[in-house]
**Q** 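Provided herewith is a single structure, encoded as structure tokens, for subsequent inquiry.
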Amino acid sequence: MNPNTFRFQAQPLQFGWGGKLLAAVIAALLLVGGFFFGLLLLAVGGAIVTVAMLKLWWISKKLRASQGTSSSVTVREGHVIDAEYRVKQDPTSR
């Protein structure tokens with residue numbers, strides 16, 4: 001055998017029942033930890049979105065108040081109000 005050549009023969013690892021039990025416990029802990037970490041991320045993300053939406057609502061409320069318009073006024077496009085009316089002419093245009 002050449003001393004410059006390194007040979008390694010891989011063999012499958014063999015665990016007893018204790019090793020298999022330990023691997024199952026570690027896998028279960030990782031799964032439960034990942035689940036709760038995901039719930040925590042969802043809760044924090046929801047809180048951030050809620051705060052941002054409240055801030056935008058507050059800013060739009062202040063803008064509407066500064067313009068003197070009511071928040072209860074809605075504009076519906078496509079609706080026509082049919083009425084009789086007279087067009088007033090500007091007296092300076094004659």
Side-chain angles (χ1 to χ4, degrees):
M1 186 167 160
N2 188 355
N4 295 330
T5 305
F6 178 74
R7 290 185 180 223
F8 177 75
Q9 189 172 4
Q11 295 179 358
L13 296 175
Q14 295 180 1
F15 294 108
W17 65 270
K20 290 179 184 178
L21 180 65
L22 181 64
V25 168
I26 290 173
L29 287 175
L30 287 174
L31 186 64
V32 170
F35 176 74
F36 284 111
F37 183 70
L39 284 180
L40 179 68
L41 284 179
L42 283 175
V44 169
I48 289 172
V49 167
T50 302
V51 167
M53 293 302 291
L54 285 173
K55 183 70 174 177
L56 288 173
W57 172 76
W58 184 256
I59 289 171
S60 67
K61 181 180 173 184
K62 284 203 173 263
L63 284 174
R64 279 193 305 260
S66 69
Q67 293 175 354
T69 59
S70 172
S71 63
S72 64
V73 175
T74 57
V75 177
R76 296 181 186 158
E77 293 185 27
H79 291 273
V80 177
I81 299 174
D82 199 15
E84 294 182 22
Y85 59 93
R86 280 190 249 162
V87 177
K88 292 184 180 180
Q89 293 182 357
D90 188 16
T92 59
S93 65
R94 290 184 193 178

**Q** By the rule that ILVMFWY residues connect when side-chain heavy atoms come within less than 4.5 angstrom, directly or transitively, which residues belong alongside L31?
**A** none
**Q** Knowing that exactly one of V51, T50, L56 qualifies, which makes a side-chain contact (heavy atoms from CB on, under 4.5 Å) with L54?
**A** T50
**Q** Kindly give the cluster partners of I48, where membership spreads through any ILVMFWY side chain lying under 4.5 Å from a current member.
**A** L40, V44
**Q** Who clusters with W58? Use side-chain heavy atoms, under 4.5 angstrom, across I, L, V, M, F, W and Y, and order the result by chain and number.
**A** W57
**Q** Apply side-chain contact (heavy atoms from CB on, under 4.5 Å) to I26 and list each qualifying residue two or more places apart in sequence or on a separate chain.
**A** L22, L30
**Q** Using side-chain contact (heavy atoms from CB on, under 4.5 Å) as the criterion, list what pairs up with F36, not counting sequence neighbours.
**A** V32, L39
**Q** Apply side-chain contact (heavy atoms from CB on, under 4.5 Å) to I59 and list each qualifying residue two or more places apart in sequence or on a separate chain.
**A** K55, L63
